[in-house]
Amino acid sequence: MTTPLQRIHNVRLATMTDAGYGLIDDGVVVFDQSQILYAGARSKAPEYPQAEQIDGYGGLLTPGLIDCHTHLVWAGSRADEFAQRLHGVSYADIAAQGGGIAATVRATRAATEQQLVAVTEPRLKALMREGVTTVEIKSGYGLSLADERKQLRAARQLAVQHPVSVATTLLAAHAVPPEFKDRADAYIDEVVNCIIPTLANEGLADAVDAFCESVGFSPAQTERVFQAAKAANLPVKLHAEQLSNQHGSALAASYQALSCDHLEYLDEAGVKAMAAAGTVAVLLPGAFYFLRETKQPPLALLREHGVPIAVSTDANPGTSPILSLQLMLQMAATLFRMTPEECLRGVTVNAAKALGLNDRGQLREGLRADLCLWNVDDPAALTYQFGTNPLAACWHQGARR
Ligand SMILES: O=C(O)CC[C@@H]1NC(=O)NC1=O
Ligand SMILES: [Fe+3]
């Protein structure tokens, strides 16, 4: 069957191909199910008489949105902990009662792969309803070979069952599991000698991540994870400088990390190292807001040194129980003072870069036909408004969802 051509006209294009939106006011995009064939001014568009004509009714057409940092596959809920904290129970007390990440680990270990798929599906659909066409999904609530495998297999299965692309990240170095209590180095032995090589060999991970933090893993333990990832030919990313400055970003940059994420406590040395390595700064306003953090990521330094900035939900049950990438656009502007252009770039071209994907994130010939049509005329409206969803239509690899 010949691949159907589609031609969207009567739209304003935000191509994301320059330092701003890459706007083209009277634009046309022609595409099939493999790629974009033309994206540009209607006046210069080649004729495609056989294409299906789609009227964009004067809306805004952007690349499909990319949520480049989520922990989407988990079982259980931490709503009870949220309530306890509001009743004055401390994090430490909750952790002492077996709460926190450990609670989600217990629930995730108890769930089957199919149960994980089932509970994750509505979360994925919530992101898709807002125009997400690519989502990164981490493991990190299994903390054993079998349970990390189960999480990553569930993530892969969701991409098979739904019109969305999934990039998987192995985050076995997320926390120390109960059976390795007070033996973090022994657990890192398990991660580097068994979990990473085995799951890399099974093709379940597209990247490797770690939580480098005073309450996570040390830079030395993180570096062992990076060495194992390198040996497995997998790129790395890092939860870095979220609660303190562990200088994890500079370490990650020395391993050409795709991204460093959170970054509230990032210093100029780390920014410079990231800039030199081409590492993307992924800012996570949902976790910043939910934790009532006050330390801002160093936006001025990131701009000054030309570090690409992405924005993501960090969807997870503990510190960012949010399933709206559109709200992250608004929060990135309101809380971090990013410009609307920076925010939209943060969920398109820069988010693609944070995943090492150069085939999406812009409206440009040869890239995937992942497209969002919005009922707005000013692209700033996508950052300005929140609580509403102006998505009119969405295509994933040329197929309308
Ligand atoms: O609390 C959780 O379940 C995950 C917290 C999450 N993980 C991480 O490395 N940083 C975070 O904010
Ligand atoms: Fe995270």
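Atoms within a ligand are numbered from 1 in the order they appear, just like the ligands themselves.
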Checklist entry - Starting from atom 12 (O) of ligand 1, which protein heavy atom do you reach first, and at what distance in Å? => result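 The protein heavy atom lying closest is Thr319 OG1, 2.7 Å.
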Item to check | Top protein contact for atom 10 (N) of ligand 1, by heavy-atom distance | outcome: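 Result for atom 10 (N) of ligand 1: Gln242 OE1, 3.0 Å.
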Under 3.5 Å: donor-acceptor pair, side chain of [X], backbone of [Y]:
X	Y	answer
Glu241	His247	yes
Arg337	Leu299	no
Arg109	Leu143	yes

Next on the checklist: Could you check, using the six-membered ring where one of them is a Trp, whether Tyr38 and Tyr48 have ring centers closer than 6.0 angstrom?
Outcome noted: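 Judged by ring-centre distance (under 6.0 Å), Tyr38 and Tyr48 do not meet the cut-off.
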Item to check | No-hydrogen, no-angle side-chain donor-acceptor test under 3.5 Å, His69 and His262 | outcome: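 No, because no side-chain N or O of His69 sits under 3.5 Å from a partner of the opposite role on His262.
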Next on the checklist: Please check whether Thr104 reaches ligand 1 - meaning an N/O of the residue sits under 3.5 Å from an N/O of the ligand, judged on distance alone.
Outcome noted: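 N/O-N/O distance below 3.5 Å does not exist for this pair.
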Next on the checklist: Heavy atom to atom 9 (O) of ligand 1, shortest distance: which of Trp74, Phe211, Tyr141, Phe290 holds it?
Outcome noted: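 Nearest heavy atom to atom 9 (O) of ligand 1 lies in Phe211.
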Next on the checklist: Can you tell me if Tyr289 has over 12 outside heavy atoms packed within less than 6.0 Å of its OH?
Outcome noted: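 Open: at most 12 neighbouring heavy atoms sit under 6.0 Å from OH of Tyr289.
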Item to check | Distance below 2.8 Å from the Fe ion (ligand 2): protein N/O/S atoms | outcome: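 The answer, once waters are left aside, is His69 NE2, His71 NE2, His239 NE2, Asp314 OD1.
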Checklist entry - Going through the distances and angles, do Arg123 and Thr70 end up as a side-chain contact (heavy atoms from CB on, under 4.5 Å)? => result CA-CA 11 Å; Arg123 301 176 193 140; Thr70 86; over 6 Å; no
